[in-house]
Amino acid sequence: MLAGTAGDVAARLRELVGTTGADELMVVTQVHDHAERERSYELLAREWGVHPG
C-alpha cells in the first residue's frame, strides 16, 4: 500500500518498477466518492507523465 502526494506515490511506484522489473502496474484508490477517486487517478497519471495538462 502506498499513500501520500501524487509525487510521493509516483516516486515509490518508480522504485517498485525498478526493483521488480514490472512492465505493468494496477492502481486501486480506496476513496468512496467517485469524483474524488477520479481526481486521485488524474493527479497520479499527470505525475507519472501520461495525462495531458
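Worth saying up front: this structure is predicted, and the values here are computed from it rather than measured.
In this structure, L43 and R46 have side chains that are in contact, with non-hydrogen atoms separated by less than 4.5 Å. In this structure, the side chains of L44 and L13 come closer than 4.5 Å at one or more pairs of heavy atoms.
In this structure, CD on E47 lies 7.0 Å from OG1 on T5, to the nearest 0.5 angstrom.
Shown here for R37 and V31, the closest heavy-atom pair between the two residues is NH1-O, 2.6 Å.
Atom CZ of R12 has 12 or fewer neighbouring heavy atoms from other residues, nucleotides or ligands inside a 6.0 Å radius.
L25 and Y41 end up in the same hydrophobic cluster when Ile, Leu, Val, Met, Phe, Trp and Tyr side chains are linked at under 4.5 Å. Under the 4.5 Å side-chain heavy-atom criterion for ILVMFWY residues, no single connected hydrophobic cluster contains both V28 and L16.
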